[in-house]
Amino acid sequence: MKAQPGIHQGSPAARYYRANDPQWHWLEAREAPEVAEFLNAANQQHSEWFAPLAPLANTLYESHLARRELAVTSLETALDYFTFWSETGAEDDYPCWWRYPNEQPLKRELFLDVRERAAGHPFYDMGDMALSPNEQWLAWTEDTQGDERFTLWLKALPNGEPKRLISDIGPSLCWAEDQTALGATLLFTRFDDTQRPDSIWRVWLAFSALEHLAEPTLVMRENDPEFWIGIGKTRSREWLLIDSGSKDTTEIAALPAANPAATPVYLHTRQPGIEVTIDHRPGVFYRLQNQTGPHFQLDHLTEEQLGKDTASWQALITYRDDATLEGVDAFAWGLIVAERSHQEAQVVLRRLVLDEHQQAQVDDYIALPETPCSQLLEDSPHFDTQVVRLREESFTQPPSWFSLDLQSGERTLLKRVAVYGNLLPEQLVCQRLWATSGDGEQVPVSVVRRADLANQALPTVLYGYGAYGEALDPWFSIARLELLERGVAFAVAHVRGGGERGEPWYLKGKMAHKENSFNDFLAARELLVSEKLSDPEGIVACGASAGGLLVGACLNRAPEAFCAAVLDVPFLDVLRTMQNPELPLTTAEYSEWGNPEEPEVEQRISRYSPIDNITQQRYPALWIEGSWFDTRVSYWEPAKYYARVSLAQQGEAPILLHTDMSSGHGGASGRFKAWRDTARQDAFILWALGLAPYVTD
């Protein structure tokens, strides 16, 4: 690609262009000083261009703060011995954790101040917190760089001195159920050289001699580079489950939670393309599996058959064509199953009360407050509880938490996120539309806007993701109110590759069917225009991570469809990344995108990989975000894309790159910095939509 004259002639892309490396691969040499120089130069260009919009960004930020309750107290959760909760002060980025002995709220005590843990670190992320079985010891993991490599810490509650135990591990922790007065076993994961969780380890923590930590013992190693390994515990607390899985295949082994040194017993051995989820009630295991059909079936197996005849699983909820079973939660009385309707693109929770013969005495659905909405079963630590917690929200209603008595049906509101300001949830409306894609498929599109502007074609933000089977179920955003109040509509294209319409929706948007995702997104854009919901000259496309791939591919194909785009830590250099198995995530992604060592796959990916399809044309204004410590989407992907689009740009719209030099894939740590980042993006969006002036001296 030849550097072009014009508006970007003096940009970092023009100054750092190398004729012998037009693909900008030299940016992958992290240690080379010119790489940081280039990124800092792009950051400086970004800052200078953005300066006229900085006052607007500050206004958006301050207005955002005024809309929310800054001092936040979580719901209290009673465990066996203590009740736990967190409190975040109005000026704090991070919470403090408290507890009191059950039924004795006056004896509250602070046991972990995360503000102190984060102090002095430009980035801080707590990966996991895990209480020992007697609730007197706390283990947690921390990442202070953003590269998702964590350090294990331990302290006696409430006021013990934190002890740094093991570095360079995964974020998740799991206690066994073998605690004595002397100690207990803790399990964790470690990474291989590509940052793949490849092994489970256990370590005996002798509470009186932590300075003489026992050497961790390998429990299981996963040698297949496409598989990740993890550890968890059933709600019954009787079994530890070791889950080894790729994107489309699962293997699960079990260990008695009270005897973590036992030899693992396999509940399901790997079979290509077969995924499973396991839970447990005393005497019985439950398994969701897609071997019977792609939408999953729920089976059960007695403990007596464990390790003897695992082919004897019996169907409990049979496979259906119109719904996907997405999750199962076991309780002493029965099960709650998450079931997604393909037709309605909606998840419902199904309750089954089971007798000793696994016969359903009750089989009903928990009522939804509205559709579409998100209704989730919150963590319920007590296995025998008849009162569960639900979390509900929609595009127009903020998150609310309820307790539901499963016997009486009584619902009690526990907490609702407060919303302040001139625009309140009751002043919003949401529509669910259906766009017709190129092959005739009906694609759900959600649109939220002010109710008083419901009959107008509005400037619009169109958001999409479409990968890994992740569903963009309805969610409320206080930050989004800044755009909605200024007359912007927010739309979500639920494209194939996501999971909004169940497993078939995912399968039709991956591998050889990836083109469907792009066609669906552009079809959603056309629907918004044809239904006169959106101004055709004022639509901004937004996508993050794999959603950046979606938006980047659509920009190459139809740049005129959008006035601007926001690409946040975007996956753009798909072909080259998938050709490098040394990178984190690559081998695990083969079942999502394909292995380009196969010529057909290489050709297929090359046809849509955003960075490989940049052409000299008029691109809309682009806001591109990257992160220096990102291990999921390397910083050089957005940087190379920025450089190549800048040199290909045939119009006058700005191409902007900002690389956060102190964070990872999740962006800024600390809520205030994250909110400022959102305010800057929103200021750019308002400018691109013609709703904010751009005045220079």
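- Proximity of the aromatic rings of Y319 and H295 is defined here by a centroid distance below 6.0 angstrom, and this criterion is met.
- Geometric assessment of R108 against the ring of Y100 yields a negative cation-pi assignment under the 6.0 Å and 45° thresholds.
- Judged by distance alone, the side chains of Q297 and D299 do bring a donor and an acceptor atom under 3.5 Å apart.
- The pair D364-R350 does not count as a salt bridge, with every side-chain nitrogen at least 4.0 angstrom from each carboxylate oxygen.
- By the 6.0 Å and 45° rule, R99 stacks over the aromatic ring of F82.
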Next item on the list: Begin with the C-alpha distance, continue with both residues' side-chain angles, and end with the deciding distance and a verdict on side-chain contact (heavy atoms from CB on, under 4.5 Å) for E339 and L349.
Entry: CA-CA 6 Å; E339 187 173 294; L349 298 178; over 6 Å; no
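- Residues E177 and L240 have side chains not in contact (no heavy-atom distance under 4.5 Å, counting atoms from C-beta outward).
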Next item on the list: Could you walk me through whether E378 and W401 pass side chain to side chain donor-acceptor pair (under 3.5 Å), step by step?
Entry: CA-CA 9 Å; E378 285 281 87; W401 288 263; 3.0 Å; yes
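- Between L306 and E304 there is no side-chain heavy-atom pair separated by less than 4.5 Å.
- No donor-acceptor contact under 3.5 angstrom links the side chains of E135 and S132, judged on distance only.
- The closest donor-acceptor contact from the side chain of K514 to the backbone of G497 lies at 3.5 Å or more, if one exists at all.
- R68 forms no cation-pi arrangement with Y420, by the criterion of a distance under 6.0 Å to the ring centre and an angle within 45° of the ring axis.
- Within the 3.5 Å criterion, the main-chain N or O of G293 finds no donor-acceptor partner in the side chain of N290.
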Check: Step by step, would you call T678 with Q681 a side chain to side chain donor-acceptor pair (under 3.5 Å)?
Finding: CA-CA 5 Å; T678 298; Q681 285 190 3; 5.9 Å; no
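- Contact of the F672 side chain with the D92 side chain is not registered, since no non-hydrogen atoms from C-beta on lie closer than 4.5 Å.
- Looking at S437, its side chain never comes within 3.5 Å of a backbone N or O of D439 through a donor-acceptor pair.
- Of the possible donor and acceptor atoms, none in the side chain of R501 sits under 3.5 Å from a partner among the backbone N and O of V495.
- Distance alone, capped at 3.5 Å, places no donor-acceptor pair between the S380 side chain and the H382 backbone.
- For the pair R237 and W175, the cation-pi test (distance below 6.0 Å, angle within 45°) is failed.
- At least one donor-acceptor pair closer than 3.5 Å links the side chain of D279 to the backbone N or O of A330.
- In this structure, Q442 and T436 have side chains that are in contact, with non-hydrogen atoms separated by less than 4.5 Å.
- With respect to D363 and R351, no salt bridge is recorded, no charged nitrogen being found less than 4.0 Å from a carboxylate O.
- The side-chain heavy atoms of V347 and E500, taken from C-beta on, include no pair separated by under 4.5 Å.
- In this structure, R391 pairs ionically with E393, as a charged nitrogen and a carboxylate oxygen lie closer than 4.0 Å.
- You'll find the side chain of S86 stays beyond 4.5 Å of the side chain of C96, heavy atoms only.
- Residues forming a side chain to side chain donor-acceptor pair (under 3.5 Å) with Y81 (at least two apart in sequence, or on another chain): none.
- Side-chain polar atoms of E87 and W85 form a donor-acceptor pair below 3.5 angstrom.
- The aromatic rings of H280 and W239 lie perpendicular to each other, with more than 60° between the two planes, well past the 30° mark.
- The shortest distance between side-chain heavy atoms of K532 and N455 does not fall below 4.5 Å.
- A donor-acceptor pair under 3.5 Å links the side-chain atoms of Q346 to the main chain of C373, judged by distance alone.
- Formation of a donor-acceptor pair under 3.5 Å by the S394 side chain with backbone atoms of T396 is found in this model.
- Side-chain N or O atoms of T249 include none that pairs as donor or acceptor with a backbone N or O of S246 at under 3.5 Å.
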Next item on the list: Test Q359 against Q361 for side-chain contact (heavy atoms from CB on, under 4.5 Å), laying out the working first.
Entry: CA-CA 6 Å; Q359 299 298 310; Q361 304 304 297; 3.9 Å; yes
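- The shortest non-hydrogen separation linking A130 to L173 is CB-CB, 4.0 Å.
- If you check the side chains of E76 and T83, you find no donor sitting under 3.5 Å from an acceptor.
- Listed for the H342 side chain is a donor-acceptor partner under 3.5 Å among the backbone atoms of D321.
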Next item on the list: Would you sort out whether H494 and S446 count as a side chain to side chain donor-acceptor pair (under 3.5 Å), showing the intermediate values?
Entry: CA-CA 8 Å; H494 303 281; S446 301; 2.8 Å; yes
Check: Do E392 and R416 pass the salt bridge (Lys or Arg N to Asp or Glu O under 4.0 Å) test, and can you show the C-alpha distance, the side-chain angles, and the key distance before you say yes or no?
Finding: CA-CA 9 Å; E392 299 174 349; R416 176 173 287 133; over 6 Å; no
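- When each of T460, V429, L458, L433 is checked for a side-chain contact (heavy atoms from CB on, under 4.5 Å) with V447, only L433 meets the rule.
- Using the six-membered ring where Trp is involved, W333 and F331 have ring planes that are parallel, under 30° apart on the 30 and 60° scheme.
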Next item on the list: Given ring pair (Phe, Tyr, Trp, His ring centres under 6.0 Å), test F395 with W475 step by step and report yes or no.
Entry: CA-CA 5 Å; F395 284 116; W475 77 99; 5.5 Å; yes
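- Contact check for N516 versus E441: no side-chain heavy atoms found under the 4.5 Å cut-off.
- S534 approaches I539 most closely through the heavy-atom pair CB-CD1, 4.0 Å.
- In this structure, a donor-acceptor pair under 3.5 Å is absent between the side chains of R340 and T324.
- Within the model, atoms CD1 of I685 and CZ of F490 stand 9.0 Å from one another, a figure rounded to the nearest 0.5 Å.
- Within a 6.0 Å sphere centred on CD of Q104, other residues, nucleotides and ligands contribute more than 12 heavy atoms.
- Atom CG of L288 and atom CD of Q291 lie 13.5 Å apart (nearest 0.5 Å).
- In this structure, H64 and W675 have tilted ring planes: the angle between them lies in the 30° to 60° band.
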Next item on the list: Would you sort out whether E370 and Q397 count as a side chain to side chain donor-acceptor pair (under 3.5 Å), showing the intermediate values?
Entry: CA-CA 10 Å; E370 62 177 299; Q397 294 299 315; 5.3 Å; no
